[in-house]
2 protein chains.
Amino acid sequence: MTIRVVIADDQMMVREGFSVLLNAMPDIEVVGEAVDGREAVARVAELRPDVVLMDIRMPEMNGIDATREIVAADTEAKVLVLTTFDLDEYVYQALRAGASGFLLKDASARQLADGVKVVAAGESLLAPTVTRRLITEFAKLSDVPKAPTSARVGDLTERETEVLVLIAQGLSNGEIAEHLVVAESTIKTHVSRILVKLGLRDRTQAAVFAYEARLVTPG
Amino acid sequence: MTIRVVIADDQMMVREGFSVLLNAMPDIEVVGEAVDGREAVARVAELRPDVVLMDIRMPEMNGIDATREIVAADTEAKVLVLTTFDLDEYVYQALRAGASGFLLKDASARQLADGVKVVAAGESLLAPTVTRRLITEFAKLSDVPKAPTSARVGDLTERETEVLVLIAQGLSNGEIAEHLVVAESTIKTHVSRILVKLGLRDRTQAAVFAYEARLVTPG
DNA sequence: CGGCCGCTCACCCGTACGAGTGTGCCCCTG
DNA sequence: CAGGGGCACACTCGTACGGGTGAGCGGCCG
């Protein structure tokens with residue numbers, strides 16, 4: 001019932017450190033190591049470990065892509081990503097790639113061991129700072145549902161729709177005014193109403209909305 | 001420097017239990033209790049604790065709404081939600097309401113104390129099962145963006161392409177900066193270079209361009 | 001080795017933009 | 001007929017945006 005672990009990191013010291021740390025645990029065993037992403041994928045396919053400790057920055061193939069491949073292959077291996085800085089924007093990419101967890105390399109032995117056990121059990125865990133960012137990001141993402149019934153093209157008047165389409169062509173207020181032969185201030189009023197009605201913030205979001213609503217189509 | 005805690009739960013036994021547990025910690029002090037959401041909001045306003053342990057199911061006002069009010073008020077108090085079952089769909093609501101963390105009531109004393117300290121420090125934490133669900137949900141929500149390496153638009157650099165895609169999602173410079181974890185001034189530089197390279201005038205035209213170039217696609 | 005490039009960041013400055021408020025006209029409908 | 005909605009226009013105000021310039025740093029290449 002011991003948990004079998006593979007460590008992927010390009011720095012020997014890091015691999016050694018974690019290896020010693022984890023092998024000291026009674027129910028964890030480090031069964032393999034890899035110095036880059038490509039090797040990590042191969043080792044996992046070959047050794048079928050329960051958990052992979054994955055560094056992000058590696059030569060050959062980075063940890064993100066390696067994670068993606070490991071998850072795509074139907075191994076049971078769970079990926080626990082380790083990184084030096086939580087500042088990485090890679091956090092999101094790693095999670096999307098299918099990582100089960102995200103810890104900082106300065107984690108204590110206890111935290112690391114706990115982490116390995118948690119992901120081996122099929123659950124997930126994140127470093128506290130990462131958790132905070134993920135929650136914030138999640139709140140933002142799910143706060144603005146893509147298709148709220150309130151935001152409808154149908155709510156716009158004919159004129160407003162016309163203006164919206166022109167916004168989605170990349171025209172400025174002045175150009176739209178010229179095009180429709182009215183004053184620029186008039187266009188500004190229209191734009192304001194459009195933004196309010198659709199619950200958007202600026203003309204760029206309006207352009208995006210127009211494309212998403214198929215008011216205009218690429219090509 | 002002790003962490004001041006308020007406990008909100010309608011069951012006396014629960015309040016008692018957690019209270020004893022936490023007061024046993026040298027650097028944590030339970031300074032108040034509340035039997036429902038309304039009282040919780042009042043206690044927080046009155047006692048200005050560092051952390052609130054919040055049950056979700058309570059009479060008068062549930063923990064979600066109470067959390068929302070506490071966060072909305074400008075107190076420094078962090079809310080750590082406690083629930084019996086992780087099954088709750090309330091998890092997402094709680095996080096959107098501004099909770100800093102989410103633990104199950106069967107958490108160990110150590111986990112609970114750790115949790116209180118983590119949220120008091122301004123970070124966040126979640127129970128492992130909740131973490132897994134949040135990551136899954138997050139991956140689903142933010143799945144839309146795709147591999148930027150595949151198509152190199154014009155002679156934009158990888159980073160610039162990345163920024164362009166985010167522009168085409170309707171993000172402001174500040175939001176892009178946050179997302180990529182760099183300074184806003186950096187994003188402004190990228191945006192400028194993108195506009196020059198593509199011969200565009202503003203970010204709206206850039207968004208249009210991104211759609212036309214199929215860097216992003218509707219739906 | 002030096003130089004180019006990509007990425008990062010800072011500061012200044014002018015302006016288009018967006019928010020808010022108010023006015024007026026036309027047309028349709030209750 | 002009065003009222004409401006669509007449309008047009010003006011004005012103020014604060015700010016995000018975009019232009020310009022300069023500069024530091026790490027990697028890659030000739």
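In what follows, chains carry the letters A, B, and so on, assigned in the order in which the sequence lines appear, proteins first and then strands, with residues in each chain numbered from 1. We use all heavy atoms of the structure for the numbers below, so side chains are in, but hydrogens, waters and symmetry mates are not. A quick note: this is a predicted structure, and the numbers were derived from the prediction, not measured.
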Looking only at side-chain N and O atoms, does [X] come under 4.0 Å of OP1 or OP2 in [N]?
| X | N | value |
| --- | --- | --- |
| B:Ser192 | D:dG19 | yes |
| A:Thr186 | D:dC9 | yes |
| B:Arg203 | D:dG18 | yes |
| B:Arg201 | D:dG19 | no |
| A:Thr157 | D:dC7 | yes |

For [X] and [Y], work out which heavy atoms get closest and say how close.
| X | Y | result |
| --- | --- | --- |
| A:Arg43 | A:Glu33 | NE-O, 3.4 Å |
| B:Ile167 | B:Ala206 | CG2-CB, 4.2 Å |
| A:Pro218 | B:Glu212 | CA-OE1, 3.5 Å |
| A:Val119 | A:Ser100 | CG1-CB, 3.9 Å |

* Asked: Ignoring hydrogens and angles, are the base of D:dC11 and the side chain of A:Ser185 linked by a donor-acceptor pair under 3.5 Å?
  -> no
Using whole Å, report how far [atom1] of [X] lies from [atom2] of [N].
| X | N | atom1 | atom2 | result |
| --- | --- | --- | --- | --- |
| B:Glu184 | D:dC17 | CD | P | 7 Å |
| B:Ile194 | D:dG19 | CD1 | P | 11 Å |
| B:Lys197 | C:dG6 | NZ | C1' | 9 Å |
| A:Arg57 | D:dG26 | CZ | C1' | 12 Å |
| B:Leu156 | C:dG6 | CG | C1' | 13 Å |
| A:Gln205 | C:dA19 | CD | P | 11 Å |
| A:Arg193 | D:dC9 | CZ | C1' | 13 Å |
| A:Glu158 | D:dA8 | CD | P | 11 Å |

* So which nucleotide from D:dC17, C:dT8, D:dG18 ends up closest to the side chain of B:His190? -> C:dT8
* Looking at the side chain of A:Leu195, which of C:dA19, D:dC7, D:dA8 is the nearest nucleotide? -> C:dA19
* Using a cut-off of 4.0 Å on non-hydrogen atoms, how would the nucleic acid contact of B:Val191 be classed: base, sugar-phosphate, or nothing? -> sugar-phosphate
* Asked: Using a cut-off of 4.0 Å on non-hydrogen atoms, how would the nucleic acid contact of A:Thr189 be classed: base, sugar-phosphate, or nothing?
  -> base
* Asked: Does any N or O in the side chain of A:Gln205 come within less than 3.5 Å of the main-chain N or O of B:Gly170, such that one atom is a donor and the other an acceptor?
  -> yes
* Position toward the 5' end of DNA chain C (nearest nucleotide), B:Ala183 or A:Asn173 -> B:Ala183
